[in-house]
Number of protein chains: 2
Amino acid sequence: MNCSSPSKKLDYALAVLKERGHRLTSPRRAILELMAEESRPLAAEDIRKQVERQNPCDLATVYRNMDACLDAGIVQKCMLENGKILFELVGEHDHHHHIICRKCERTERINLCLADEMEEIATSLGFTEVDHVMELYGVCGDCR
Amino acid sequence: MNCSSPSKKLDYALAVLKERGHRLTSPRRAILELMAEESRPLAAEDIRKQVERQNPCDLATVYRNMDACLDAGIVQKCMLENGKILFELVGEHDHHHHIICRKCERTERINLCLADEMEEIATSLGFTEVDHVMELYGVCGDCR
DNA sequence: ATTATTGCAAACCCTTTGCAACTTA
DNA sequence: TAAGTTGCAAAGGGTTTGCAATAAT
């Protein structure tokens, strides 16, 4: 079911960042290790809290790392209905979506994406570097 | 191309709100008139600025009206990549998506939605009241 | 040695909330 | 007259930024 194991995802992420001239610091390593382990999208604050159980880690550091990882294409955003943003480390060819519970914010992975046709339309409208975000929202079994 | 004319959309919105026991105040009327006229998603602040050219209108009033309209299903959210939220008045059976320019934030309507299959998956995972948001992002012809 | 990266604190922005005054039905 | 709605001002919460200190290559 899972496209790539935690350690593979971590190795891939480290390789991509190195390739791009980034340095491997201990907060960065801790953040990526956590995200590779955790297979769900996380809020910046959650990442900081969990990383901080081992090493101190500033929120700004998390955000700056997320920026770098988004640019590098190894992190994917997930947007809550209220505009809050979650981050998820992804492997190669690992694009997917989620169904998010409105009440507890639990996310469940959905390994399906039908956006190709829509991206073609966007391209035909003159847009380049087309990408997309899609989120499903609902109320999960536990919260009903 | 356009599913419903401005005046129809406005009438529909007013009817739905009345049906739900809401009152028709002058800021509310002005907000809805503007949104019916404007066929694109707008930020709360944009709505306020434009409405204020005729009547004074507080930002909190805009947000509270958007809440009411979202509950009533006559307004649809549109999320920018940075988490900012735009609002768009929609008619009956008027669900659609957008391609949004990363640079100028211009939005172009895309009259296609392929989310049914994904919503079915979400339902099969035990979620109820399933809904979705999908946004395409790119760089438009003018900004390239 | 060079330059990316970090921590800290402050700034930012959008959004929400409390409350008294005002309107609508 | 009762209850929804508004304006104002303040608070909230997530995200970004400047800068000097630090650490990686």
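Throughout, a chain's letter reflects where its sequence line sits, starting with A, and its residues are numbered from 1. As the structure is a computational prediction, the values presented were derived from the model and not from experiment.
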Between P of C:dC13 and CG of B:L86, the distance in whole Å: 17 Å
Side chain to side chain, B:C113 and B:M134, heavy atoms closer than 4.5 Å: no
Sugar-phosphate, base or nothing in reach of A:N65, heavy atoms under 4.0 Å: sugar-phosphate
Any donor-acceptor pair under 3.5 Å from B:R102 side chain to A:E129 backbone: yes
Residue met sooner reading DNA chain D from 5', once B:A60 and B:N82 are mapped to nucleotides: B:A60
Any side-chain donor near an acceptor of the partner, B:E119 and B:H132, under 3.5 Å: yes
Closest-nucleotide ordering on DNA chain C, the 5'-leading residue of A:D58 and B:D67: A:D58
Within-4.5 Å side-chain heavy-atom neighbours: B:H96 and B:V90: yes
For residues 25-36 of chain A, which side-chain N or O atoms pair as donor and acceptor with protein atoms under 3.5 Å away, sequence neighbours left out?
| unit_1 | atom_1 | unit_2 | atom_2 | d |
| --- | --- | --- | --- | --- |
| A:T25 | OG1 | A:R28 | N | 3.3 |
| A:R28 | NE | A:N65 | OD1 | 2.5 |
| A:R28 | NH1 | A:R23 | O | 2.7 |
| A:R28 | NH2 | A:N65 | OD1 | 3.1 |
| A:R29 | NE | A:E33 | OE2 | 3.1 |

base_contact_polar (C:dG7 base, A:R64 side chain, donor-acceptor, <3.5 Å): yes
Close approaches to DNA chain D from residues 16-34 of chain A, in residue order (heavy atom, under 4.0 Å): A:R23, A:L24
Residues, nucleotides or ligands: over 12 heavy atoms within 6.0 Å of A:E52 CD: yes
Protein-nucleotide distance (A:E105, atom CD; D:dG13, atom P), rounded to Å: 13 Å
Length of the CG-P vector between A:L59 and D:dG13, whole Å: 14 Å
Check ion pair B:K77-B:E88 (N to O, under 4.0 angstrom): no
Contacting residues from residues 43-56 of chain B, given that a heavy atom lies under 4.0 angstrom of DNA chain D: B:P56
Rounded distance (Å) that lies between atom P of D:dG13 and atom CD1 of B:I85: 16 Å
Polar side-chain atom of B:R40 near backbone of B:R109 as donor-acceptor pair, under 3.5 Å: no
Distance, rounded to the nearest Å, where A:L42 contributes CG and D:dG14 contributes P: 15 Å
Minimum-distance nucleotide (side-chain atoms of B:T61 versus D:dC8, D:dT6, C:dG7): D:dT6
Heavy-atom donor-acceptor pair, A:E135 side chain to A:M79 backbone, under 3.5 Å: yes
